[in-house]
Amino acid sequence: MNTTLPTIENPSKFRTGWISGFFILTLMFTTVALLVTFPLQDYDTFWHIANGRAMVQNQTIINSEIFSYTNFGKTFHNHEWLSQIILFEFYNHFGVAGLIGLKVLLTLLVCYFLFKSIRSTGGSIALAALLCWLAVQAGLPRYLVRPQLFSFLGVTILGFIIHGYRAKHINPKWLYALPIIMVLWDFLHGAIYGLVFLAAVFMGEILSTMPGWDKINRNNFRILCKENRLLVWILASFLAMLINPYGLLSYDIFLDFVNGKNLMALTTAEFQPTTWQGFVPFWLLLAGTTISFLIAFKKRKSALQQRPYAGINLVNLFIFLPFAALAIRFQRSTAVFALAAMPILVDNVAGLPLLSSYTASSVYKGAKSKIWRYLLGGLIIMAVIYSAYFKFLLPQSNLTFGCGLNNNILPVASARFIKKTGLSGHMFNTDRYGGVLAYFLSPERKIFHYNNHELFNYAQSYFHRPDSIIKQWGINYAIVGYKSELDMFRHAGFIPVYWEAAAAVLLKDTPANKKIIDRYRITYFRPLMNNEELLALATDPAVLPILAREISDYLSFRPDNRVANALAKIIVMPASNFPVAEKVGILAAAEKYNQDNANLLEAEGVLLYRLQKVVNAKEKLSKALRLNASLLVARINYAYIEYDQNNFTRAIRDFDKALQNYPNNRAAIYGIALSYYSNGEYKLASLNFDKYLTINHDGRWADSARKHLQKIRDMNK
């Protein structure tokens, strides 16, 4: 390994290059962290957390189904037990934000090792940083809080070691880590990608060294292993993996996927073949990497006369082919392909102007063309701008920036409702919701099934005879997300008692359930109704109280700004059969998960003021104004409270703030006139009373304004 350092002819230029490289790397890694920061949304996440919790509590590896009543005790090979414990510990100590933080941390580690791999194969600092961003962008929908994140990390660590060792850019002692990495990987997610990677490298190294198939024999292989330490440590890794408690049995599920025998592979989108729609970056990367092999072959074709296979790097080719095949066959493998392909792509086209490395021997002798550097810099700027636009400016999507739960996908609110109301008996649940319900409802309640067809391979049959579910299992309540299931249970006499975007909870109409049904029966509200539909329903005085209560029940278990804003408008609409005290109670319940909705707080503050609960009203209005200082009704009511408490100077200040945005608001004009009058500022009071009468000569407070004006005139006589 050559340890001679290049001569730096211009130290100041070296420092400038180092600083610019560090800045580019920091910028791109920050952008990557931004890309993968989006709300928790994967159904499997809480299944893994639930298993992790059970293992921590019981101090044993869970290898049987413990969350259902339909298949309790069925054994399976838990090849993800270590990652499940890690996910639980992060969630237990740091909550949802902790899980997203763990994902960001793992993704940055993935990018670090990928960056080092690309550098080893000849990429510049700027190019390596840009390709790290592109690799994550290409597989972004797969960057979920799941054990697969550890496989992403494993692939890039192997790439760092293999490419770095072959290019003589790392210490050979890194090879010692291969067996440890593979064993840990097997416990974290199942190291099937690692096996494919190392097997590809093993075959590529042998065929690259041997003169031909006819020359491979035991003696040559022994000599080859003696000369090539990489082969020895790959073999050691394969042997070390046998310490897995389940041995090769933990790989049976992967074989089922490949053979198409697993029901999950037939019914789950991520196991379907990769289409053009939604996977354009993958197909472009696949095409680009394929073309790069043609470039590499042409670039080295003169070597063909000396040794077979010399026109291409067989290790690169053998890595590329299986990962490309997996990505084409399974959508979920596209992210891993991007991580494996990037160093290969760069290695194949190494030497092109855009790719030349930022080394002292090239850059500081003026070998790099400015036009290529400007082009690369432009691409980096475009990547940053696109990422910011994608995360913050596009219409809200599942990948929009956020650190909480995606309540429109995960039925967490339904689970909260079930726990609060104490629903009991056998439940039915849509298969994909089983993981969330297993975590939030166990051990008190058991689920029906879960979207793991290794454990629940019978579940699909129920879709062909759905009515049998209710009779066979004695279902008392259901959490459903498919219209077919919703229709099935409604036709069977089940009543909707909670409804959110992700799911609906239905309860069997029996005398034992009458109390809950009478309290929570849903008649009008649907979470996907737009605001116009909700407001139109609320115009009926007979419907208004029922609709408001149903919306409040919905909001009391989950946040939803749009629906909360609609409730704030509905609740102040007139209805003689809707007491103000009841309205306040409805708003208070809705604020449990929507305490930062300024419109709800404003509405409650106004209603509390009507009930003469001034202290509580002032507290709600003050919080509403801190959240949104432009709220007119909150500002005016808050100012009137200040006036009632004889804080005339403060009242003037708040009325004036209202008038700055709404100069002709009658209530604010009259209020500031009263405040000036009570504060002894009669000239200003007179001007504002006159202004009020000019705008609203016969208004609500016109007579009072005239009386105050007359008093002022009498005082001036």
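Note: Tyr91 and Phe46 meet the aromatic proximity criterion, with ring centroids under 6.0 Å apart. Centroid-to-centroid, the aromatic rings of Tyr450 and Phe456 stay 6.0 Å apart or farther. Taking the six-membered ring for Trp and the full ring otherwise, Phe557 and Tyr593 have centroids separated by 6.0 Å or more. For Tyr143 and Phe152, the distance between ring centers is under 6.0 angstrom.
In this pair, Tyr386 and Phe390 present their aromatic rings parallel. The plane angle is below 30°, not in the 30 to 60° band. Ring pair Phe401/Phe392 is tilted by interplanar angle, where 30° to 60° counts as tilted. Between His449 and Phe428, the angle of the ring planes lies from 30° to 60°, which puts this pair in the tilted group. Taking the six-membered ring for Trp and thresholds of 30 and 60 degrees, Phe282 and Phe337 have ring planes more than 60 degrees apart, a perpendicular arrangement.
In this structure, the side chains of Leu405 and Pro39 stay at 4.5 Å or more apart for every pair of heavy atoms. Considering only heavy atoms from C-beta on, Lys391 stays 4.5 Å or farther from Thr400 through its side chain. Counting only heavy atoms from C-beta outward, the side chains of Tyr43 and Leu410 approach each other to under 4.5 Å.
Salt bridge status for Arg519 with Asp553: present, with a side-chain N to carboxylate O gap under 4.0 Å. Using a 4.0 Å cut-off between a side-chain N of Lys or Arg and a carboxylate O of Asp or Glu, Lys620 and Glu604 qualify as a salt bridge.
In this structure, the side chain of Glu582 does not engage the main chain of Val584 through any donor-acceptor pair within 3.5 Å. Remark: side-chain polar atoms of Gln41 are paired, donor with acceptor, to backbone N or O of Asn398 under 3.5 angstrom.
For the residue pair Phe448 and Ser68, the shortest heavy atom distance occurs at O-CB, 4.0 Å.
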Take Glu550 and Tyr498, measure what side-chain contact (heavy atoms from CB on, under 4.5 Å) needs, and give me the verdict at the end. CA-CA 9 Å; Glu550 291 176 2; Tyr498 187 77; over 6 Å; no
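To the nearest 0.5 Å, atoms CD1 (Ile62) and CD1 (Ile66) are separated by 4.0 Å.
Environment of CD in Glu444: crowded, with over 12 heavy atoms of neighbouring residues, nucleotides or ligands closer than 6.0 Å.
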